[in-house]
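All of these numbers come straight from a predicted model, not from anything done at the bench.
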Amino acid sequence: MSRSGNKCAYVRCGKSARLEPGLKLYRFPKDILLSRQWILNCGNSDLADLTQDDLYKRHICGHHFLDESFTSYNKCRLKKSSFPQPFVEIDSSDIPVNIPIKTYSAASKFPLSPHQVFETKRVQSTSTTSFCESTKRIRLITPVKSTKYSTSQSNVSTPEISPNSTSFFKSVSNLPLTTALKPKQLFQKSTSDADLILKLKQTVARQIKIIALKRVTISKLKKNLIMSRIQHRQNKSVHFMNLLTFPSENSKTLVNMQISHSKSKPWSQKEKQFALSLFYKSPSAYKFLFYSKQISLPGLSSIRRWVGSSKCRAGFSPVLFKQLQIKVDSMSEEEKYCTLVFDEMKIKNFLEYSKYLDLVEGYEDLGHKGRTNKLAGQAMVMIIRGVYSSWKMPIAYFLPATSVKHKVLSELLEEAVKRLFECGLIVKALVCDQGASNVAAYKDLGITKDKPYFFVDNKKVFSMFDVPHLFKNLRNHFRKNNLLFNGEEVSFKDIKDTYDIDKNSSTS
């Protein structure tokens with residue numbers, strides 16, 4: 001309810017918060033009856049002609065209210081039914097001095113009686129809110145009217161006054177005029193040290209808040225200035241780049257990185273792709289350019305963060321295949337030849353919430369094929385590996401409850417090969433072990449002993465079983481059964497006897 005920045009409308013006051021910091025002003029109430037009472041108490045007749053809206057914009061300072069008019073000791077808010085103290089006009093007629101106005105001749109004799117009594121009033125201020133009157137009687141002996149005295153001007157004189165009366169009249173004449181007493185002095189209360197300290201603390205708190213706001217404004221202006229300078233520099237570099245011709249988009253990106261990039265500026269998507277392709281091509285060449293030649297490139301920590309920032313769910317991840325395509329763009333034709341290897345392994349049944357993927361992991365999940373409420377017990381991973389060069393990269397994983405069904409597996413294999421072809425790789429063969437579901441999936445793809453391949457987008461893809469498993473299966477069958485080779489029976493006992501002879505021989 002308090003408001004600063006206006007003057008007090010109380011008569012003969014005129015205080016303002018600009019001249020007196022910490023002064024609290026209070027609006028006129030919206031209630032018509034209460035606002036009229038405020039006008040009568042403040043003594044300002046000019047307020048009576050104002051409308052209710054204009055009157056609401058006027059204020060009265062807190063010096064004209066009693067302590068009981070506020071809701072709290074700090075005088076922040078007035079009570080709804082409170083009103084200012086009434087204004088009291090003090091006139092000079094309140095201190096009259098009556099002296100005899102008649103004159104008598106010197107020959108007249110003063111009778112001993114009767115006596116005429118004159119009274120004077122003196123106003124004294126005993127406090128800031130109340131007045132009291134004290135009267136002092138002056139006994140002046142005057143003659144009784146008689147017809148025998150002369151009123152001629154020649155022999156007129158005034159009677160003598162006692163010394164006590166003379167001193168009293170002098171003291172009364174030396175009293176200050178009532179006009180020097182202003183209402184704001186009568187109603188103003190003495191301020192204690194605690195109130196002064198409280199006002200000082202409030203002023204300091206306001207100044208601290210203003211300084212903090214100015215600091216925020218200054219920091220924003222500095223930031224805007226820095227950004228405008230950077231933008232101006234970028235505009236100049238862009239204008240310069242437009243004047244040049246480049247053989248390729250990558251060469252333009254490299255030159256732009258050297259001219260316009262700064263530490264506070266983030267790398268653009270084109271610059272990231274260029275740096276990743278250069279790193280995929282040759283990490284040693286990337287380090288040579290970065291450390292030895294001082295070429296402006298993203299740091300190795302940024303490269304590792306971009307490579308390892310992919311949080312992949314089960315199935316085929318678009319982000320992973322996008323990074324794979326960047327890698328393929330930097331490969332030679334021979335390096336693009338690869339094989340697709342897939343295998344399963346048993347995992348422990350376990351549920352865990354992933355904050356990166358915002359889901360509970362551990363249930364059966366086949367990617368776009370769907371999830372079930374069964375707990376995952378197997379993990380199938382697909383990996384691609386170079387034929388003519390030594391590189392490998394996982395491309396997808398799936399979490400089945402048991403082994404993946406052969407129909408679903410055949411569909412996943414065909415889709416994986418299509419995605420690899422779209423990235424620019426050349427898939428020549430599928431490699432897996434001799435699991436029952438794998439063999440059945442090969443049959444679903446039309447692979448037989450006589451036709452060990454199938455077509456994807458009119459491209460031939462061979463299928464085979466991995467060599468270590470072939471040797472292992474040969475060993476297992478050879479231990480259990482004898483084999484026929486060129487019409488003769490071969491037994492595992494012959495191999496064991498050969499081993500014992502070689503073991504006991506001194507020349508072996």
Side-chain angles (χ1 to χ4, degrees), residues 312-317 320-321 324 338-352 359-385 387 392-423 425-457 459-481:
C312 300
R313 293 184 54 177
F316 300 105
S317 174
L320 190 144
F321 278 92
L324 179 61
C338 64
T339 59
L340 177 61
V341 183
F342 61 95
D343 195 6
E344 289 181 343
M345 62 177 294
K346 187 173 180 59
I347 60 174
K348 180 181 178 182
N349 295 335
F350 186 73
L351 296 178
E352 184 179 13
L359 55 85
V360 177
E361 293 183 311
Y363 290 107
E364 184 179 27
D365 191 352
L366 299 179
H368 63 282
K369 295 295 183 180
R371 287 163 53 96
T372 64
N373 57 358
K374 298 178 181 179
L375 294 178
Q378 301 280 340
M380 187 183 74
V381 182
M382 293 184 179
I383 299 176
I384 53 177
R385 186 162 188 170
V387 176
K392 58 184 176 181
M393 181 177 179
I395 60 170
Y397 73 95
F398 302 91
L399 301 173
T402 57
S403 297
V404 182
K405 305 301 181 182
H406 60 91
K407 291 185 178 181
V408 177
L409 180 57
S410 61
E411 295 175 0
L412 293 177
L413 291 174
E414 192 171 1
E415 183 175 357
V417 174
K418 286 183 180 180
R419 288 177 177 267
L420 293 174
F421 281 145
E422 291 174 358
C423 291
L425 292 173
I426 303 174
V427 182
K428 299 304 296 181
L430 300 180
V431 181
C432 65
D433 58 8
Q434 291 174 299
S437 59
N438 297 340
V439 175
Y442 276 0
K443 290 182 180 179
D444 294 336
L445 293 174
I447 298 172
T448 61
K449 181 180 178 181
D450 299 329
K451 194 188 77 149
Y453 55 85
F454 67 104
F455 290 92
V456 177
D457 294 339
K459 296 179 181 179
K460 186 183 293 186
V461 179
F462 291 88
S463 64
M464 64 179 67
F465 299 111
D466 60 321
V467 177
H469 279 83
L470 291 177
F471 277 107
K472 184 175 70 173
N473 289 334
L474 178 61
R475 180 204 62 185
N476 294 337
H477 285 291
F478 196 41
R479 292 181 61 184
K480 294 180 181 179
N481 304 300

Student: Any sub-3.5 Å donor-acceptor pair from Lys451's side-chain atoms to Gly446's backbone N or O?
Tutor: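 Between the backbone of Gly446 and the side chain of Lys451 there is a qualifying donor-acceptor contact (under 3.5 Å).
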Student: For Ala379 versus Leu399, what's the shortest heavy-atom pair and its separation?
Tutor: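 Reported closest heavy-atom pair: CB-CD2, 4.0 Å.
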Student: Quick check on Phe471: does its CZ atom have over 12 non-hydrogen neighbours (other residues, nucleotides or ligands) under 6.0 Å away?
Tutor: no
Student: Report the C-alpha separation of Met393 and Leu320 in whole Å, then their side-chain angles, then the decisive distance to 0.1 Å, and conclude whether the side-chain contact (heavy atoms from CB on, under 4.5 Å) test is met.
Tutor: CA-CA 10 Å; Met393 181 177 179; Leu320 190 144; 4.1 Å; yes
Student: How far does SG of Cys432 sit from CG of Leu413, to the nearest 0.5 angstrom?
Tutor: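 Spacing of SG (Cys432) from CG (Leu413) equals 8.0 Å.
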Student: Which pair of non-hydrogen atoms, one from His406 and one from Ala440, has the smallest distance, and what is that distance?
Tutor: CB-CB, 3.4 Å
Student: State, to 0.1 Å, how close Met464 and Ala429 come at their nearest heavy-atom pair, and which atoms those are.
Tutor: CE-CB, 4.3 Å
Student: Can you find a heavy atom in the side chain of Arg385 that is under 4.5 Å from one in the side chain of Val431?
Tutor: no
Student: Does Val417 form a side-chain contact (heavy atoms from CB on, under 4.5 Å) with Leu430? I'd like the steps, not just the answer.
Tutor: CA-CA 9 Å; Val417 174; Leu430 300 180; 4.1 Å; yes
Student: For the residue pair Tyr363 and Ala376, what are the closest heavy atoms and their distance?
Tutor: O-CB, 3.8 Å
Student: Tell me whether the count of non-hydrogen atoms from other residues, nucleotides or ligands lying under 6.0 Å of NZ in Lys369 goes above 12.
Tutor: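 Atom NZ in Lys369 is packed in, count exceeds 12.
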Student: Mind checking whether Leu420 and Leu324 have side chains closer than 4.5 Å, heavy atoms only?
Tutor: yes
Student: Before accepting this row, confirm whether a basic side-chain N of the pair Arg419/Glu415 lies closer than 4.0 Å to the acidic partner's carboxylate O.
Tutor: yes
Student: Just wondering, do Phe398 and Asp365 contact through their side chains at under 4.5 Å, heavy atoms?
Tutor: no
Student: Would you call Arg313 and Arg371 a side-chain contact if the rule is heavy atoms closer than 4.5 Å?
Tutor: yes
Student: Using the rule given for side-chain contact (heavy atoms from CB on, under 4.5 Å), can you reason through Val461 versus Phe421, listing the C-alpha separation, both sets of side-chain angles and the distance that settles it, and then say yes or no?
Tutor: CA-CA 11 Å; Val461 179; Phe421 281 145; 4.2 Å; yes
Student: Let me confirm one number: the CD1-NZ distance from Ile384 to Lys392, rounded to the nearest 0.5 Å.
Tutor: 12.5 Å
Student: Rounded at 0.5 Å granularity, tell me how far CG in Asp444 sits from OG in Ser437.
Tutor: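 Answer for the CG-OG pair, Asp444 versus Ser437, is 10.5 Å.
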Student: Within a strict 4.5 Å, meaning less than it, do heavy atoms of the Lys374 and Thr402 side chains meet?
Tutor: no
Student: Kindly give the heavy-atom pair with the smallest separation between Asp433 and Phe465, and that separation in Å.
Tutor: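 Closest pair (atom of Asp433, atom of Phe465, distance): O-CD2, 3.4 Å.
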Student: Under 3.5 Å, is there a donor-acceptor pair between the side chain of Glu364 and the main chain of Ala401?
Tutor: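 Looks like yes, one N/O pair under 3.5 Å.
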Student: Could you tell me if the side chain of Asp466 sits less than 4.5 Å from the side chain of Val341, heavy atoms only?
Tutor: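 Val341 does not reach Asp466 side chain to side chain.
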Student: Would you name the heavy atoms of Cys338 and Leu425 that are closest together and state the gap between them?
Tutor: SG-CB, 4.1 Å
Student: For residues Leu412 and Met382, determine if any side-chain heavy atom of one lies less than 4.5 Å from a side-chain heavy atom of the other.
Tutor: yes
Student: Examine distances only and state if a side-chain atom of Glu414 and a backbone atom of Leu445 form a donor-acceptor pair shorter than 3.5 Å.
Tutor: no
Student: With heavy-atom distances below 4.5 Å as the criterion, would you say the side chains of Tyr442 and Asn438 are in contact?
Tutor: no
